[in-house]
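Just so it is clear, the model here is predicted, and its values are computed rather than measured.
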Amino acid sequence: MKHKSKITVLSHAAAAQSALMRTAKWRGEVVEMDSLHTATKMGFIVTKPYGDNQSYDFIVDAGNRLWRVQVKSSIRAVDNGFRVNASHFRWAGKTKWAYTPEQIDILAAYIVPADVWYIVPVRAFTPSIQLTFFPRAKGYKGFYEQFREAWFLMACRRNGEPRAGIVTSPPCSYSPSSGTPCPSCPFRKK
C-alpha cells in the first residue's frame, strides 16, 4: 500500500537549514511519527512506550501477535545505496551492538528520498549492524528487496487470524490448511 509521504526531501544545503532535517534525532522522530501513522491507517493498533529506554520504538498489535518495531531512516545515498544502522549503543558505550530477536521483532527502515519503507524481520539481518538498500536500482533483486513495503508480515496469519480491518497490500498469503508461507515470510524454512 503506497502512501503519500509528509516528509519533504531537500538538497543537502537546504536540508542543513531545514527544521525537518536539522538533526538525526529530529528526523528520527518525524519518521517514527510517519511509521505510526502508516501502520494505524492499515488498521493496526500501535502503542508507543513512555521514554526511549527500550530497544524498540513502538509495538504493533495485529490482534494475533504483538510486534516490537525499531524505526530507522536514511536520507543520503552512498555508492548508489542507502545505509541504515541496524544497531544501538549499550550502556552509554561507544561500541555499536546489533539488534537481537530478544530486543526487537521488526526493523522498519524508511528511505526518505525514495519514499519507501522496508519492513525487515530481525532474523533476516542479525548480527549485521548496517543494512544497505537500493530502492532506485531498476530490476535489482537484492536480499532486502523482498521486504520493500512488506507491512503484511505483521498481519501474518501463521499465529491465527489478525484483527478484522487490517488491510495491507499485498495481504499475507499464508495458507493454514497447507502450511504454505508467504514468499517473504520470516518463518519460511530455508
Side-chain angles (χ1 to χ4, degrees), residues 1-9 19-21 23-75 82 84-89 98-126 131 133 135 144 146-174 181-182 184-187:
M1 176 182 293
K2 192 69 175 162
H3 68 283
K4 178 71 175 138
S5 175
K6 306 293 187 267
I7 298 174
T8 304
V9 180
L20 176 62
M21 301 298 178
T23 67
K25 177 130 176 88
W26 183 278
R27 184 181 77 240
E29 291 168 352
V30 171
V31 169
E32 213 175 286
M33 285 188 285
D34 186 58
S35 64
L36 294 167
H37 182 247
T38 301
T40 302
K41 282 193 320 187
M42 290 180 196
F44 293 105
I45 292 175
V46 183
T47 303
K48 178 127 177 76
Y50 178 75
D52 59 1
N53 293 317
Q54 301 302 321
S55 297
Y56 51 88
D57 291 316
F58 60 90
I59 299 167
V60 172
D61 182 350
N64 60 358
R65 170 149 184 203
L66 299 176
W67 297 88
R68 298 164 298 168
V69 179
Q70 173 57 242
V71 179
K72 299 287 186 175
S73 67
S74 180
I75 59 171
F82 292 85
V84 172
N85 289 323
S87 59
H88 62 101
F89 295 104
Y99 287 109
T100 67
E102 290 75 33
Q103 296 170 313
I104 67 170
D105 301 305
I106 298 284
L107 180 83
Y110 184 60
I111 310 304
V112 176
D115 188 23
V116 173
W117 281 100
Y118 288 86
I119 308 302
V120 187
V122 67
R123 294 183 193 286
F125 68 83
T126 196
L131 311 180
F133 301 95
Y144 296 113
Q146 65 185 312
F147 302 112
R148 182 192 287 240
E149 302 292 348
W151 296 92
F152 66 89
L153 292 176
M154 292 188 286
C156 182
R157 296 168 46 205
R158 188 175 194 81
N159 297 321
E161 287 298 315
R163 174 178 291 96
I166 294 177
V167 179
T168 62
S169 179
C172 173
S173 61
Y174 174 76
C182 296
S184 297
C185 183
F187 307 106

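Annotation: the span from F58 atom CZ to E32 atom CD amounts to 7.0 Å, rounded to 0.5 Å. Distance CG/D57 to CD1/I106: 13.0 Å, rounded to 0.5 Å. Atom OG of residue S74 and atom CZ of residue F82 lie 6.0 Å apart, to the nearest 0.5 angstrom.
Here the options are Q70, H88, Q54, the test is side chain to side chain contact (heavy atoms under 4.5 Å, CB included), and the partner is I104; only Q70 passes.
The shortest distance between side-chain heavy atoms of I119 and M154 falls below 4.5 Å. Between W26 and V31 the shortest side-chain heavy-atom distance does not fall below 4.5 Å. Side-chain contact between Y110 and D115 is present, with at least one heavy-atom pair separated by less than 4.5 Å.
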Checklist entry - Could you go step by step and tell me if F44 and D61 meet the side chain to side chain contact (heavy atoms under 4.5 Å, CB included) rule? => result CA-CA 6 Å; F44 293 105; D61 182 350; over 6 Å; no
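Side-chain atoms of N85 do not come within 3.5 Å of backbone N or O of S87 as any donor-acceptor pair.
The pair R123-D105 does not meet the salt-bridge criterion, since no charged nitrogen lies less than 4.0 angstrom from a carboxylate oxygen.
Residues F133 and Y144 place their aromatic rings such that the two centres sit under 6.0 Å apart.
Note on ring orientation: taking the six-membered ring where Trp is involved, the planes of W151 and W117 are perpendicular (angle over 60°, cut-offs 30° and 60°).
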